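Below is one structure, written out as structure tokens; the observations come after it.
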Protein chains: 2
Amino acid sequence: MVSADTVWPDHLFADLDRTGPIPLYFQVSSRLEAAIRSGELPPGSRLENEIAITQHLGISRPTVRRAIQELVDIGLLVRRRGIGTQVVQGQITRQVELTSLYEDLKNTAREPGTKVLIHDIVEADEIVAERLRVPVGSNVVHLRRQRTAGGVSIAILENYLPEAFGDITTEQLQLRGLYQILRARGVTIRVANQLIGARRADTDESTRLGIDDGGPLLTMERVAYDNAGEAIEYGHHCYRPDMYSFETTLVAR
Amino acid sequence: MVSADTVWPDHLFADLDRTGPIPLYFQVSSRLEAAIRSGELPPGSRLENEIAITQHLGISRPTVRRAIQELVDIGLLVRRRGIGTQVVQGQITRQVELTSLYEDLKNTAREPGTKVLIHDIVEADEIVAERLRVPVGSNVVHLRRQRTAGGVSIAILENYLPEAFGDITTEQLQLRGLYQILRARGVTIRVANQLIGARRADTDESTRLGIDDGGPLLTMERVAYDNAGEAIEYGHHCYRPDMYSFETTLVAR
DNA sequence: AAGTGGTCTAGACCACGCG
DNA sequence: GCGTGGTCTAGACCACTTG
């Protein structure tokens, strides 16, 4: 018997497509996520148990579990053995996505712009060589860009890429984010390692970002890897701390 | 037929325990992780395919897949359909764990210390009430602590907890990290939402942390939730940026 | 004792990348 | 065409929580 206080928005799952290319578990998890974010499943709601969901949807339990797990992984649901599955109390929302700052800004509806300060080929110093796993002194693409949102400077981005990306043009960089350009070339970033910190701005940085000389900067250093596990990009960026910050959701395994 | 250039450290898996309480997939993934981190499986190595591993270990394919998935999730392995599974090139290592600063510091072998500056019960203002999901004006525990490592001040931590934690003693707080105390009471943090930024230090902060007045501070604001999805802790912390930074590994889904 | 999620099996078929 | 990982099934038994 199912407890009376459980919820399951059955109507959302009437049109599951078993023939198309979209996995069943994804169809279920995305509809469920929408129901949670819209408030249809309020914080604290208890979902029906997995067996019951199985019967409602006509799919197997591992598939149901995978759908639920997707939402547990992003911190929207909490599972407890012997208890059930509940919507988390906090309306925690965004995740630090594996996207570029450019896309972050687009999503916040401030018009992003890019000024390319440096775009050349240099020999890798020890740090760049180590990060990109190329020999010291080999050629790498070097970028320095200034990023604006709604006309206001908010970040200075310095990046290094393997020489294979030497044919990226300055025009492309002015129009799009780096990750967009990479994706258009069939390169997908799969894993990234980031180090977030803070330091004083130097004179050049404070002038460009329109802040006080010596004022605080938020910094991020990142190495990104593609599908094949190859290092694709190393960069160290700095941000106006009153215009940008990093949001993360951590979920215990 | 298995390609000649694949690797599988079969000897590591001779003693899998099928009767004990430790899940098979975890036994496999943790041994595999150790082999990767030790360098026994160097970056770029191709693992044997999943069917072959199934036969080597005498376990089913979903179990093998789950073990591999654990390491994909932390950025150690990369899977490609039609290609296989490989060790990531970069030695991605630590993760921002769901632990307190205290434990972070212990792991880096600098002796952590805590000075309790404030420990009282206050009425929740609007922000605290919203974060902890309690009524405005209801009682909450208020903490302000100064954290040292090897005798050097590195952070000021301000936290709010529901009144149910009013029996935590100042002595406990001096000896242990907050999350340790919570765990000892049977409270496990499951989900946390963090916002990381930077700002200027005020005079009190700069004095306590031994930095210049107005110098840069790394800041973190966090709300943490337990197994049941209940808000357990809200805090805003600041760190000496030359002594502490945040490391994250992001993995695309 | 009853109900829940956690783990595991032994298959099946499909989609993608490559030669 | 072949090998790879991606998805899915229909069960089974176990461990934990609560009444």
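Keep in mind that what you see is a predicted model, and the values were worked out from it rather than measured. Chain naming here is simple, since letters A, B, ... match the order of the sequence lines and numbering starts at 1 in each.
Scanning for salt bridge (charged side-chain N to carboxylate O under 4.0 Å, His left out) contacts around B/R185 gives B/D167, with sequence neighbours left out. Every residue two or more places apart in sequence or in another chain that forms a salt bridge (charged side-chain N to carboxylate O under 4.0 Å, His left out) with B/R61 is listed here: B/E50. Partners of B/R81 by salt bridge (charged side-chain N to carboxylate O under 4.0 Å, His left out), not counting sequence neighbours: none found.
Rounded to whole angstrom, the span from the CG atom of A/L16 across to the P atom of D/dT7 amounts to 16 Å. One can place CD1 of B/I51 at 13 Å from C1' of D/dT7, the figure rounded to the nearest angstrom. Per the geometry, CD belonging to B/Q55 stands 11 Å off P belonging to D/dT4, to the nearest Å. Rounded to an integer number of Å, the gap from CG of B/L47 to P of D/dG3 is 19 Å. The CD1 atom of B/I22 sits 18 Å away from the P atom of D/dC14 (whole-angstrom rounding). To the nearest angstrom, P of D/dT17 lies 13 Å from CG of B/D226. If you measure from atom CG of B/L24 to atom P of C/dT9, you get 6 Å, rounded to the nearest angstrom. Atom CZ of B/R46 and atom P of D/dG3 are 12 Å apart (whole Å).
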Pairs under 3.5 Å (N/O, protein and nucleotides 10-12 of chain D):
| unit_1 | atom_1 | unit_2 | atom_2 | d |
| --- | --- | --- | --- | --- |
| D/dA12 | N6 | A/R61 | NH1 | 3.4 |

Short N/O separations, protein against nucleotides 15-19 of chain C, under 3.5 angstrom:
| unit_1 | atom_1 | unit_2 | atom_2 | d |
| --- | --- | --- | --- | --- |
| C/dA15 | O4' | B/R81 | NH1 | 3.3 |

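Closest-nucleotide positions on DNA chain C for B/F26 and A/G84 were compared, and the one nearer the 5' end corresponds to A/G84.
Of all heavy-atom pairs spanning B/E70 and B/S29, the tightest one is CB-CB, 4.0 Å. Heavy-atom minimum distance, B/P43 versus B/V87: CA-CG1, 3.8 Å.
Between C/dG3 and A/N49, no contact under 4.0 Å exists linking OP1 or OP2 to a side-chain N or O. Using a 4.0 Å cut-off, no side-chain N or O of B/Y25 falls inside it from OP1 or OP2 of C/dC8. Contact annotation: A/R79 does not reach the phosphate of D/dA15 (side-chain N/O to OP1 or OP2, under 4.0 Å). Taking side-chain N and O atoms only, A/T63 has a distance below 4.0 Å to OP1 or OP2 of D/dT9.
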Between B/Y179 and B/E233, is the side-chain hydrogen bond (donor to acceptor under 3.5 Å, both in side chains) condition met? List the steps.
CA-CA 10 Å; B/Y179 279 24; B/E233 176 245 337; 2.7 Å; yes

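Sorted by first and then second residue, the salt bridge (Lys or Arg N to Asp or Glu O under 4.0 Å) pairs with a member in residues 9-32 of chain B read B/D15-B/R31; sequence neighbours excluded.
Atom CG in B/L77 sits 5.0 Å away from atom CG in B/L71 (nearest 0.5 Å).
Side-chain atoms of A/R133 come within 3.5 Å of backbone N or O of B/Q89 as a donor-acceptor pair.
Checking D/dT9, D/dG5, C/dC8 against the side-chain heavy atoms of B/R65 singles out D/dG5 as nearest.
If you check every strand for non-hydrogen atoms under 4.0 Å, A/R66 touches sugar and phosphate atoms only.
The number of heavy atoms from other shown groups lying within 6.0 Å of CD1 (A/I127) does not exceed 12.
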